[in-house]
Amino acid sequence: MPDASGAEVPDAPGAKPPDAPDPLHRRLVAFQGLAAATAGTGKDPVNLPMIRHWCEAMGDAHPAYRGPDAVAPPTMLQAWTMGGLSGHTDRSPAYEELFALLDGAGYTSVVATDCEQEYLRPLRPGDEIGFDTVIESVSERKTTKLGTGYFVTTRTDVRAGGALAGTHRFRILKYAPAARPPRKPPARRPRPVINRDNAGFWEGVAGHRLLIQRCGDCAALRLPWLPGCADCGSREWDAVEAGGEGTVFSYVVMHHPSFPAFDPPYAVGLIELAEGVRMISNVVGVPYDEVRIGMPVRLEFLRVDEDLELPVFRAGGED
């Protein structure tokens, strides 16, 4: 069934097809028009401290809400009727029965969806607030991305000194949560491409050794591994183990794009080893925004999953 955006979404487990008879809805609509609260009273009169707190939270510096002739922001209409942390004590039996019926049918979750307000007169400090609330409507069963349930709308008429000051409509969805899709296994890091030219490097990593190629003729060091020497062209070589000390020669911070198994932002450094060659790797041990050029680093090996370890460089290598 499509949701409000028109996208197809699955029904919650056990939900009846949209065109199937719905005996529960026939019971729910019987509550329409019944009182949810009668002769309720605000826990506090309209007052300047509460207005000030509201305006500070909302960033509203309008002068109408300050001074000896202050009025309350119209959007505070509901605030004067709220039950606070101790909750409401004025709910009617009909309201409690309606929600018990929904809970008993499996629609145990709730989310507020929207509200509408009408303002008839400003509220001023000292106004004593009274209100009545009615169960205005209960929708037919709806299926949303959250799950299948019913939209319940209540209307509260807010009075000050006995005169109607405004109306507040509040709509919630009482629903049975949709089944969550099965969790995907954690993404794995891409596997390095290992071939006959670089197999020795990865064999060294598996043994927690960072191996650098050394030309057999001119003794030039090279990293990454190559089939021939870039200085003299010789194809003869052996390998020496890096000591592990280095510095950040340059770096970038990766924000986008986001790849599976990577958690941006993170720092990728061009590390200059003490032996004079450079390699690209992650800089770890400090927040990404504290990596700096020239920062000393020390080699370590990071296990990223059950069969892959990678060489990385931890900041503060001299410690």
Q: Could you list all the salt bridge (charged side-chain N to carboxylate O under 4.0 Å, His left out) pairs where at least one residue sits in residues 37-57, not counting sequence neighbours?
A: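 Checked against salt bridge (charged side-chain N to carboxylate O under 4.0 Å, His left out) - neighbours excluded - the pairs reaching residues 37-57 are Arg52-Glu56.
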Q. Taking only residues two or more places apart in sequence, or in another chain, which ones meet Ala94 in a side chain to side chain contact (heavy atoms under 4.5 Å, CB included)?
A.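 Ala94 satisfies side chain to side chain contact (heavy atoms under 4.5 Å, CB included) with Phe31, Leu34, Ser92 once adjacent residues are dropped.
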Q. Any Lys/Arg nitrogen of Arg91 or Glu96 sitting under 4.0 Å from an Asp/Glu carboxylate oxygen of the other?
A.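 Judged by the 4.0 Å cut-off on N to carboxylate O distance, Arg91 and Glu96 do not form a salt bridge.
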Q: Among Val134, Val138, Leu98, find the one that has a side chain to side chain contact (heavy atoms under 4.5 Å, CB included) with Gln32.
A: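 It is Val138; the other options fail the test.
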Less than 3.5 Å apart, which donor and acceptor atoms pair up between the side chains of residues 154-167 and the rest of the protein, not counting sequence neighbours?
unit_1: Arg155; atom_1: NE; unit_2: Asp157; atom_2: OD1; d: 3.4
unit_1: Arg155; atom_1: NH1; unit_2: Glu136; atom_2: OE2; d: 3.1
unit_1: Thr156; atom_1: OG1; unit_2: Thr133; atom_2: OG1; d: 2.9
unit_1: Asp157; atom_1: OD1; unit_2: Thr167; atom_2: OG1; d: 3.2
unit_1: Arg159; atom_1: NH1; unit_2: Asp132; atom_2: OD2; d: 2.8

So if you build clusters from Ile, Leu, Val, Met, Phe, Trp, Tyr with side-chain heavy-atom gaps below 4.5 Å, do [X] and [Y] land together?
| X | Y | value |
| --- | --- | --- |
| Val205 | Met279 | yes |
| Val110 | Met82 | no |
| Val253 | Ile280 | no |
| Val46 | Tyr65 | yes |
| Ile135 | Leu173 | no |

**Q.** Listed partners of His256 passing ring-ring contact (aromatic ring centres under 6.0 Å, His included), at least two apart
**A.** none
Q: May I have the step-by-step check of side-chain contact (heavy atoms from CB on, under 4.5 Å) for Arg188 and Glu306, ending in yes or no?
A: CA-CA 10 Å; Arg188 286 159 57 93; Glu306 67 279 1; 2.5 Å; yes
Within a 6.0 Å radius of atom [atom1] on [X], are there more than 12 heavy atoms belonging to other residues, nucleotides or ligands?
| X | atom1 | value |
| --- | --- | --- |
| Arg196 | CZ | no |
| Phe249 | CZ | no |
| Glu236 | CD | no |

Do any side-chain atoms of residues 213-227 form donor-acceptor pairs under 3.5 angstrom with protein atoms, and if so which ones, sequence neighbours left out?
unit_1: Gln213; atom_1: OE1; unit_2: Arg222; atom_2: NE; d: 3.0
unit_1: Gln213; atom_1: OE1; unit_2: Leu226; atom_2: N; d: 2.7
unit_1: Gln213; atom_1: NE2; unit_2: Leu226; atom_2: O; d: 3.2
unit_1: Arg214; atom_1: NE; unit_2: Asp238; atom_2: OD1; d: 3.0
unit_1: Arg214; atom_1: NH2; unit_2: Asp238; atom_2: OD2; d: 2.9
unit_1: Asp217; atom_1: OD2; unit_2: Ser234; atom_2: OG; d: 2.8
unit_1: Arg222; atom_1: NE; unit_2: Leu226; atom_2: O; d: 3.4
unit_1: Arg222; atom_1: NH2; unit_2: Leu226; atom_2: O; d: 3.1
unit_1: Trp225; atom_1: NE1; unit_2: Leu211; atom_2: O; d: 3.0

Q) For Arg189 and Leu308, what are the C-alpha separation, side-chain angles and deciding distance, and is it a side-chain contact (heavy atoms from CB on, under 4.5 Å)? A) CA-CA 8 Å; Arg189 285 280 191 105; Leu308 179 63; 4.1 Å; yes
Q: Can you run down the ring pair (Phe, Tyr, Trp, His ring centres under 6.0 Å) pairs that involve residues 297-316, sequence neighbours left out, and say none if there aren't any?
A: His208-Phe301
Q) Does any pair with a residue in residues 148-173 pass ring pair (Phe, Tyr, Trp, His ring centres under 6.0 Å), and if so which ones, sequence neighbours excluded? A)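 Found Tyr107-Tyr150, His168-Phe170.
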Q.
Are the side chains of Glu140 and Asp22 in contact, using a 4.5 Å heavy-atom criterion?
A. no
Q) Does anything in residues 172-181 pair up under side chain to side chain donor-acceptor pair (under 3.5 Å), and if so which pairs, sequence neighbours excluded? A) Asp103-Lys174
Heavy atoms only: give me the nearest [X]-[Y] pair and the separation to one decimal.
| X | Y | result |
| --- | --- | --- |
| Val193 | Asn198 | O-ND2, 3.0 Å |
| Ala199 | Ile194 | CA-CG2, 3.9 Å |
| Pro45 | Asn47 | O-ND2, 2.8 Å |

About how many Å separate [atom2] of [Y] and [atom1] of [X], when rounded to the nearest 0.5 Å?
| X | Y | atom1 | atom2 | value |
| --- | --- | --- | --- | --- |
| Thr153 | Arg169 | OG1 | CZ | 9.0 Å |
| Ile172 | Asp114 | CD1 | CG | 11.0 Å |
| Ile271 | Met295 | CD1 | CE | 10.0 Å |
| Asp305 | Leu302 | CG | CG | 10.0 Å |
| Leu210 | Phe201 | CG | CZ | 5.5 Å |
| Leu101 | Arg27 | CG | CZ | 4.5 Å |

Test of understanding: with side chain to side chain donor-acceptor pair (under 3.5 Å), list the residues that count as partners of [X], not counting sequence neighbours.
| X | value |
| --- | --- |
| Tyr266 | none |
| Glu116 | none |
| Asn282 | none |

Backbone N or O of [Y] within a donor-acceptor pair of the [X] side chain at under 3.5 Å?
| X | Y | answer |
| --- | --- | --- |
| Arg235 | Gly233 | no |
| Arg292 | Asp289 | yes |
| His25 | Ser139 | yes |

Q: Not counting sequence neighbours, which residues clear salt bridge (charged side-chain N to carboxylate O under 4.0 Å, His left out) with Glu300? List them please.
A: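 Listed in chain order: Arg314.
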Q. Would Val312 and Val297 satisfy side-chain contact (heavy atoms from CB on, under 4.5 Å), going step by step from the backbone distance to the final call?
A. CA-CA 9 Å; Val312 298; Val297 292; over 6 Å; no
